[in-house]
Amino acid sequence: MANRFRVGAAFLSGAAALASVAAAQAPRPAFTPQDERIEDLPDTPGREETFGLCSACHGYRLVSNQGMTRERWDDTLTWMVQRHGMADIQGADRDVVLDYLARHHPPRAPSRAGGFRNPFAPE
Ligand code: HEC
C-alpha cells in the first residue's frame with residue numbers, strides 16, 4: 001500500500017517536470033502568430049534586424065499593416081521604447097531598421113492629398 005503510493009507520487013512529479021520543460025522550449029511568445037516567417041518578408045538589408053526587434057513582442061503583421069513615412073516610423077520606434085520598453089537602438093542600428101520599414105511599409109497611395117475622390121460623396 002505504502003509502496004504503491006510512492007510510485008504514484010514519483011510518476012506525478014515526473015509528469016510535472018516534463019510539462020515545465022515543454023513550456024520552457026516554446027520558441028516564441030504565445031501572442032506572436034506561428035505562421036509568420038522571416039522568409040516571407042522582402043530580402044533586403046535590415047530584414048533580420050527589423051523582424052527580430054519588432055516581433056519580439058508582437059506579430060510582425062502589426063507592423064506591416066501600417067504604412068508610414070520614415071519620420072513617423074522613427075516616432076513609432078521612440079514610442080515603443082518609451083511606452084513598451086523596447087531596446088533603444090540608435091545610430092547605424094536604428095538607420096538600418098528605419099530604412100527597411102520606410103522602404104517596405106511606406107504610406108499607402110492614393111492619399112486624400114493626392115487627389116482621391118470619394119465616388120459616394122455628395123456633389
Ligand atoms: C518591448 C515590446 C515591443 C517591441 C520590441 C516592439 N513593440 Fe510595437 N507594440 C508593443 C505593444 C505592447 C503594442 C500594442 C499596444 C499599443 O498599441 O500601445 C505595440 C503596438 C505597435 C503598433 C500598432 C500601433 C497601433 O496603432 O495599433 C505598431 C505599428 C508597432 N507596435 C510597431 C513596432 C515596430 C516597428 C517595432 C520594431 C522596431 C516594435 N513595434 C517593437 C510592444 C512592442
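Order of appearance sets the numbers: ligands from 1, and atoms from 1 within every ligand.
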Just wondering, do Trp73 and Thr76 contact through their side chains at under 4.5 Å, heavy atoms? yes
If you measure every N or O of Arg83 against every N or O of ligand 1, does any of those distances drop under 3.5 Å? yes
Going by the order shown, which atoms of ligand 1 are within less than 4.0 Å of some heavy atom of Trp73? 35 (C)
Among the clusters formed by ILVMFWY side chains lying less than 4.5 Å apart, do Met86 and Leu62 turn up in the same one? no
With Arg70 via salt bridge (Lys or Arg N to Asp or Glu O under 4.0 Å) - residues at least two apart: Asp95, Asp99
Residue pairs passing the salt bridge (Lys or Arg N to Asp or Glu O under 4.0 Å) test where at least one lies in residues 44-59, sequence neighbours excluded: Asp43-Arg47
Sub-2.8 Å protein N, O or S atoms surrounding atom 8 (Fe) of ligand 1: His58 NE2, Met80 SD
Residue list, side chain to side chain contact (heavy atoms under 4.5 Å, CB included) with Asp88, at least two apart or on another chain: Val81, Gln90, Arg94
Cluster check Leu98, Leu41: I/L/V/M/F/W/Y, side chain < 4.5 angstrom: yes
Note: ligand 1 atoms sitting under 4.0 Å from heavy atoms of Leu53 are 5 (C), 38 (C)
Quick look: Leu77 vs ligand 1, heavy-atom contacts under 4.0 Å, and the answer is side chain
For atom 27 (O) of ligand 1, the protein heavy atom that lies nearest, with its residue and separation: Gln66 NE2, 4.3 Å
Would His104 and Thr44 count as having a side-chain donor-acceptor pair, cut-off 3.5 Å? yes
Using 30° and 60° as the class boundaries, would you call the ring planes of Trp79 and His84 parallel, tilted or perpendicular? tilted
